[in-house]
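First up is the structure itself, then whatever we jot down about it.
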Amino acid sequence: MQDLLTSALTAAFWVGIIKIVWIDMLLSGDNAVVIALAARSLPPEQQRKAILMGAGFAIVLRVVLTFVAAKLMQLPFLELAGGILLLWIGVGLLKGESADDAADADKKGSGSMAAAVRTIVLADLVMSLDNVIAVAATAGGDFVLLMFGLAVSIPLMIFGSTIMIKLMTRFPWIVPAGAALIGWVAGETIAGDGSLEHVVAQFPALKYIAGAIGAALVLAVGTYMKKRNEAAAAATGSVKAVAAPHASKS
């Protein structure tokens, strides 16, 4: 206890606090965007539940990641696989539900909320790596600073995603912009894999090129699939409209 009090009174401790708050503010933004994109199509009462549940599971994962981050980052192709997963998540968030998916969600009731929570947890698992590593490096082995960094990230994710949902409702262009952000992070994550370390060291711009390609890929594939889903939904609606008069006559 005495050691904790002594640590809290040092100037280095407070400098660490300021650094961690700044890092969390910068790096929790993309996580908030993912949560908002995943929960935006749910009813308001389910949005709150999905945000709280998704953020809760994500925080548990962050705690685990904090203590195993150094070991994880030594695994080959980990960031490569994580980046590919993020690309898939970004496309899925942009394209939305297909007509069949929406019908199934209506029948299952809580199905879409479970899908939103699953998406939040998977995306945060990948996107939290940079946050966790940055906070762990800043904490420099100080357990109090480490826990503080985790604690600060919780309200930033929850309140940030709530604000983002409101903004997405008012400004629809934020949705593709958010999906592009996820694609950018995915591209950077892939380029940051240890297997590409020497290539990126020779061509530093490759990281930004990979981010741009990831963003463009998510926008292109996601937009195409979204239009295809909308066309399928319109065709389904037309069939129902034609079938309805015949059903009433019979």
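Values below: every heavy atom of this structure, side chains too, minus hydrogens, waters and symmetry copies. Please read these numbers as outputs of a predicted model, since none were measured by experiment.
The hydrophobic clustering, which links ILVMFWY residues whose side-chain heavy atoms are closer than 4.5 Å, places V200 and I209 apart. Following chains of ILVMFWY side-chain contacts shorter than 4.5 Å, one can reach I174 starting from I163, so the two form part of one hydrophobic cluster. Transitive grouping of hydrophobic side chains (ILVMFWY, heavy atoms separated by less than 4.5 Å) brings V218 and M225 into a common cluster. I213 and L86 end up in different hydrophobic clusters when Ile, Leu, Val, Met, Phe, Trp and Tyr side chains are linked at under 4.5 Å. Cluster membership for L85 and V34, using ILVMFWY side-chain heavy atoms within less than 4.5 angstrom, is shared.
By the 4.5 Å heavy-atom criterion applied to side chains, M164 and I35 are not counted as neighbours. R40 is listed as a side-chain neighbour of V175, based on a closest heavy-atom distance under 4.5 Å. At least one side-chain heavy atom of I190 sits under 4.5 Å from a side-chain heavy atom of L87. Put simply, the side chain of P176 does not reach to within 4.5 Å of the side chain of T223, judged on heavy atoms. Side-chain contact between I165 and I51: present, with at least one pair of heavy atoms (C-beta onward) separated by less than 4.5 Å.
The two residues A50 and A39 make their nearest non-hydrogen contact at CB-CB, 4.4 Å. When every heavy atom of V121 is checked against every heavy atom of G54, the shortest pair comes out as CG2-O, 4.2 Å. Of all heavy-atom pairs spanning A210 and A191, the tightest one is CB-CB, 3.8 Å.
Looking at residues two or more places apart in sequence or on another chain, you find a side chain to side chain donor-acceptor pair (under 3.5 Å) between E188 and W184.
A distance of 14.5 Å separates CZ in R48 from CE in M53, rounded to the nearest 0.5 Å. Atom CG of residue L37 and atom CG of residue L94 lie 8.5 Å apart, to the nearest 0.5 angstrom. Rounding to the nearest 0.5 angstrom, the gap separating the CZ atom in F57 from the CG atom in L52 is 11.5 Å. From M168, atom CE reaches atom CH2 of W173 across 10.0 Å, with rounding to the nearest 0.5 Å. Atom CD1 in I182 sits 11.5 Å away from atom OG1 in T189 (nearest 0.5 Å).
The hydrophobic cluster around F159 extends to none of the other residues, as no ILVMFWY side-chain heavy atom falls under 4.5 Å of it.
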